Structures are given as C-alpha cells and as structure tokens.
S.K.: 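The structure that follows is given in the form of structure tokens.
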Amino acid sequence: MPDTEMETGYEKTVRRLRATALFSSVAFTLAGAATAQAHENEVQTSVQGGQRCITSNGLPDHSTGTFPNSGNPNTISEQHVKLCVSADPKKGNSPKTVRGSIGVGINGVQIRPGTADYYDPSSRRGFSRDRSSGWNLEGLGARDKLGMDKNNAHVDERGLYHYHGVPKPLVESAGSSLIGYAADGFEIHYVGNKQTSSYRLKSGTRPSGPGGAYDGTYLEDWEFVDGLGTLDVCNGGTLNGEFVYFATDSFPFYPRCMWGEISGDFLQGAGGPGAGGKRPRRNGEARGQDRQRASENRRQRGPRQANQQRAGGRRGPPQEAIAACSGQSSGSSCSFKGPRAGRQVAGMCRETPSQTTACVPDRRRPRQ
C-alpha cells in the first residue's frame with residue numbers, strides 16, 4: 001500500500017515493520033498492551049482483638065495482563081478472601097517455613113513468590129506438580145513459562161490473581177513504603193535499593209535434574225550468604241527501629257520464611273477454608289483438564305517415577321535446616337526446631353543433592 005494520507009497511522013506502522021524482522025515481537029507487545037484488563041478492587045482492613053484482618057474480592061486496584069495467555073491457561077475471577085494476622089507480632093528465635101501465600105498486599109491481593117511446580121522432563125511443558133526431581137520452579141525465574149504479566153503476577157487454577165514479585169502499580173499507589181503484611185503479622189516494605197537481599201546464584205552447573213548453569217530458573221539455584229546484603233535469611237531487617245520484612249527487586253523478592261507465629265489462615269493454604277472463604281467450585285471443563293493432565297503424567301512417567309510420586313517424592317530440606325547451617329562449614333554440628341512438631345532436632349551440616357548446605361538430622365540422637 002502506498003504511503004498516502006488515506007493510510008492510517010497503524011497501517012503505516014504495520015507496513016514498515018513488516019519490512020523488518022521486528023514485526024512479530026513489536027506487534028505482540030502492542031496487542032498485549034491493548035488488551036490489558038481493568039478490574040474493580042474491593043478491600044477492607046480492620047484491627048480488632050489483636051488481629052488485623054484484610055477482606056477483599058481478590059481483584060487488584062490496577063490493570064493486569066490478559067488471562068488466559070500462552071503460559072497461563074487460567075481466567076482471573078473474583079474471590080472471597082479474608083486473611084487475619086497478628087496485629088502485634090513477636091519475633092521468635094528461629095525461622096519457620098511458609099509455603100503458598102506468604103502474605104497479602106494492602107490492596108487485598110495475595111503474595112505468593114514460590115510455585116508448586118517442579119522440573120519434569122516427562123511432562124509436555126517440562127514441569128509438573130511431581131516433586132521427585134527435587135528442582136522447584138522459581139516464580140520469576142520462569143516467568144515466561146508461567147505466563148506472568150508486567151506486574152510480576154499471574155492467575156492460579158482457581159482464578160486467584162497473585163504476586164510473585166514487586167508490582168510497580170502497588171508501590172506507586174501505596175503512599176508509603178508499606179505494601180503489605182506477612183503471614184506472621186509483620187509489615188512488608190519496599191524501599192528500592194536501600195535494602196538488599198543476602199542471596200546469590202550458585203556458581204557452576206546443576207549436578208542433576210535439568211542440568212545447565214545456575215540461572216535462577218529453579219529455587220535450588222540460589223544460596224543464602226549471611227552478611228552478603230543487608231537482610232537476613234527471611235528478607236527481614238529493621239525500619240525506624242522496628243523489625244519488618246522487605247520486598248526486593250532480586251531473589252527472594254519476598255520473605256520465604258517467618259520469624260513470628262504464622263497465622264492459621266496461611267497454614268491451611270491460600271484461598272482455602274482458612275484463607276479466603278469457600279474455595280470456588282471449578283467448572284466441568286477445568287476439572288476435565290485436570291484429569292487429562294493427571295492421566296498424561298501417569299502415562300509418561302516410568303514405574304520408578306510413579307512410585308516416587310506415590311511415596312510423596314523427594315523434597316528439599318526445610319528452611320529451618322538451611323538457616324541452621326548458614327555460615328557453617330560442612331561437618332559442623334547443628335540443631336534446629338522441626339517444622340512439624342516443633343521439637344529440637346540435632347544433626348550435622350551437610351551438602352544436599354541440590355547443593356544446599358543444611359542441617360541433616362542424626363537419627364541416632366533423640367529429639368529434644
């Protein structure tokens with residue numbers, strides 16, 4: 001088409017871009033921007049009886065990317081979320097692991113930096129919920145595979161929109177550095193580069209699983225080095241003389257463990273009975289997709305791998321065991337409070353198959 005006044009600006013742009021190798025990537029970006037979705041956010045915060053409760057519809061107060069997309073098959077939907085945490089949290093002596101949602105933003109959107117997906121070469125997508133490989137997919141490290149939007153967020157199978165990293169719109173609208181509350185009640189603040197995490201990528205290559213260089217795709221690609229940054233193993237530090245957690249632009253992005261008493265709303269699982277009301281009923285199509293994926297995984301897995309899944313798979317060491325050996329050399333004596341019964345576990349610092357130094361229990365010693 002000739003370049004005439006009858007030709008629209010968009011048509012001129014498309015024609016010119018087609019003459020270059022940039023057309024496909026730029027056109028995709030323009031399309032994504034044009035289809036950003038707006039949502040009506042509803043959130044209420046109350047403090048009563050020593051509890052701070054945040055009730056929301058789970059929808060953000062800013063636009064999101066388009067869902068479903070090529071990396072995320074789920075549709076964003078309104079939820080009934082009610083999360084209560086301590087209004088006067090106390091810091092304990094040892095960190096506790098929290099999985100799933102680790103906190104909630106002041107806009108009522110849940111914060112969930114980790115994932116439940118693991119490297120699985122037998123799966124069509126290269127990952128699944130089968131833990132047997134021991135290589136846990138890291139949210140932002142695998143953002144393209146998981147269909148993250150520009151807010152470092154995506155949608156789970158229930159339609160729950162949640163953050164894996166720091167969302168710029170939330171920071172801009174917060175009015176202060178406070179952007180949310182952790183599962184134990186301590187505040188979560190974002191202060192840019194004024195605070196830095198103490199985690200770094202491991203050097204070398206992965207000894208198993210996906211192989212290749214440590215690049216942040218998996219949780220096990222990272223290691224904690226005490227004193228490397230300004231923050232502790234749980235991304236905690238002080239602000240105006242008070243202990244808080246920090247959201248950072250680099251791993252771990254948010255706390256992955258808690259120093260205080262974790263609210264039962266989070267221990268029961270984000271979006272479940274204790275963390276957001278009734279779990280939305282899934283439609284027939286979604287349930288059918290789940291059954292189909294499960295059937296595909298069973299067919300593709302060998303007998304040994306299937307047996308591992310039935311046995312619960314191989315899991316990495318708990319955060320308490322990792323923290324107990326922070327700064328210690330392999331072979332050093334160690335102890336930590338077990339995440340299940342809260343008993344003191346004695347052992348020795350050893351390097352795990354994923355090259356994480358953790359306190360490995362000595363089965364010959366009685367638990368305290």
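This chain uses plain numbering: 1 for the first residue, then up along the sequence. In this text the structure is predicted, and so the values were computed from the model without any measurement.
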S.K.: Any idea which heavy atoms bring C359 and F336 closest together, and the distance?
M.R.: O-CE2, 3.5 Å
S.K.: So which heavy atom on Q344 is nearest to which on S335, and how close?
M.R.: NE2-OG, 3.4 Å
S.K.: Can you find a heavy atom in the side chain of F243 that is under 4.5 Å from one in the side chain of F186?
M.R.: yes
S.K.: Output the distance between atom CG (L178) and atom CD1 (I106), rounded to the nearest 0.5 Å.
M.R.: 5.5 Å
S.K.: Can you pull out every salt bridge (Lys or Arg N to Asp or Glu O under 4.0 Å) where at least one residue sits in residues 49-75? Sequence neighbours excluded, please.
M.R.: none
S.K.: Check whether the side chains of Y218 and D117 place a donor and an acceptor atom closer than 3.5 Å, and report yes or no.
M.R.: no
S.K.: So, does N57 use its side chain to make a donor-acceptor pair with the main chain of E42 at under 3.5 Å?
M.R.: yes
S.K.: Main chain of T196, side chain of T230: is a donor-acceptor contact present, judged purely on distance under 3.5 Å?
M.R.: yes
S.K.: Test of understanding: clusters of I, L, V, M, F, W, Y form through side-chain heavy atoms closer than 4.5 Å, transitively. Do V360 and V233 belong to the same one?
M.R.: no
S.K.: Write out all pairs satisfying salt bridge (Lys or Arg N to Asp or Glu O under 4.0 Å) with one or both partners inside residues 237-256, taking only residues at least two apart or from two chains.
M.R.: E138-R256
S.K.: Assess the residue pair L83 and V85 against the criterion (side-chain contact (heavy atoms from CB on, under 4.5 Å)); give the C-alpha distance rounded to whole Å, side-chain angles, the decisive distance to 0.1 Å, and a yes or no.
M.R.: CA-CA 7 Å; L83 294 162; V85 298; 5.7 Å; no
S.K.: If we count only N and O atoms by modelled type, under 3.5 Å, do the side chains of D232 and W259 hold a donor and an acceptor together?
M.R.: yes
S.K.: Atom CD in E187, atom OH in Y181: separation rounded to 0.5 Å?
M.R.: 5.0 Å
S.K.: Excluding sequence neighbours, so at least two apart, what forms ring pair (Phe, Tyr, Trp, His ring centres under 6.0 Å) with H162?
M.R.: H154, H164
S.K.: I'd like to know if the side chain of D130 pairs up with that of S128 as donor and acceptor (distance under 3.5 Å, no hydrogens or angles considered).
M.R.: no
S.K.: Among D149, D156, T64, N74, find the one that has a side-chain hydrogen bond (donor to acceptor under 3.5 Å, both in side chains) with Y161.
M.R.: D149
S.K.: Excluding sequence neighbours, so at least two apart, what forms side chain to side chain contact (heavy atoms under 4.5 Å, CB included) with E261?
M.R.: K96
S.K.: Before you tell me yes or no, could you show the steps for R112 and Y254 under side-chain contact (heavy atoms from CB on, under 4.5 Å), namely the whole-Å CA-CA distance, both residues' side-chain angles and the distance that decides it to 0.1 Å?
M.R.: CA-CA 8 Å; R112 190 189 304 173; Y254 292 105; over 6 Å; no
S.K.: Do the side chains of I102 and L267 join up, straight or via other hydrophobic residues, at under 4.5 Å, putting them in one cluster?
M.R.: yes
S.K.: Can you tell which of F253, W222, F224 makes a ring pair (Phe, Tyr, Trp, His ring centres under 6.0 Å) with Y199?
M.R.: F224
S.K.: Please identify each residue that fulfils side chain to side chain donor-acceptor pair (under 3.5 Å) with S56, with sequence neighbours left out.
M.R.: none
S.K.: Please name all residues satisfying ring pair (Phe, Tyr, Trp, His ring centres under 6.0 Å) with F67, sequence neighbours left out, ordered by chain then number.
M.R.: none
S.K.: Evaluate L160 against V155 for side-chain contact (heavy atoms from CB on, under 4.5 Å), listing each step before the verdict.
M.R.: CA-CA 5 Å; L160 180 73; V155 182; 5.8 Å; no
S.K.: Who passes ring pair (Phe, Tyr, Trp, His ring centres under 6.0 Å) against Y190, sequence neighbours left out?
M.R.: none
S.K.: Salt bridge (charged side-chain N to carboxylate O under 4.0 Å, His left out) with K90: which residues, sequence neighbours excluded?
M.R.: D88
S.K.: Under 3.5 Å, is there a donor-acceptor pair linking the side chains of W135 and S208?
M.R.: yes
S.K.: Indicate every side-chain donor-acceptor pair of residues 166-173 with a distance under 3.5 Å to a residue at least two apart or in another chain.
M.R.:
unit_1	atom_1	unit_2	atom_2	d
S173	OG	P169	O	3.0
S173	OG	L170	O	3.4

S.K.: For G147, is there any backbone N or O sitting under 3.5 Å from a side-chain donor or acceptor partner on N69?
M.R.: yes
S.K.: In the hydrophobic clustering (ILVMFWY, side-chain contacts below 4.5 Å, transitive), which residues join L231, or is it alone?
M.R.: V191, L239, V244, F246
S.K.: Between the side chains of T248 and N235, is a donor N or O closer than 3.5 angstrom to an acceptor N or O?
M.R.: yes
S.K.: So which atom in E220 and which in Y214 form the shortest heavy-atom distance, rounded to 0.1 Å?
M.R.: O-CE2, 4.1 Å
S.K.: Could you tell me if Q44 and S46 have a donor-acceptor pair between their side chains, going purely by distance under 3.5 Å?
M.R.: no
S.K.: Identify the two heavy atoms, one from C84 and one from Q51, that lie closest to each other, and give their separation to 0.1 Å.
M.R.: CB-OE1, 3.5 Å
S.K.: Between N72 (side chain only) and P68 (backbone N and O only), is there a donor and an acceptor less than 3.5 Å apart?
M.R.: no
S.K.: So does R158 get a backbone contact from the side chain of Q79, meaning a donor-acceptor N/O pair under 3.5 Å?
M.R.: yes
S.K.: Tell me the disulfide bond (SG atoms under 2.5 Å apart) pairs involving residues 161-235, sequence neighbours left out?
M.R.: C234-C257
S.K.: I'd like to check the salt bridge (charged side-chain N to carboxylate O under 4.0 Å, His left out) partners of D184; sequence neighbours left out, ordered by chain and number.
M.R.: none
S.K.: Just do the side-chain contact (heavy atoms from CB on, under 4.5 Å) check on Q37 and I76 with the steps written out, would you?
M.R.: CA-CA 10 Å; Q37 298 175 327; I76 190 171; 3.9 Å; yes
S.K.: Please report the interatomic distance OG1(T115) to CG(L137), rounded to the nearest 0.5 Å.
M.R.: 5.0 Å
S.K.: May I ask you to test the D221-R200 pair for a side-chain heavy-atom distance under 4.5 Å?
M.R.: no
S.K.: Under the 3.5 angstrom rule, does the side chain of T97 hit a backbone N or O of P318 as a donor-acceptor pair?
M.R.: no
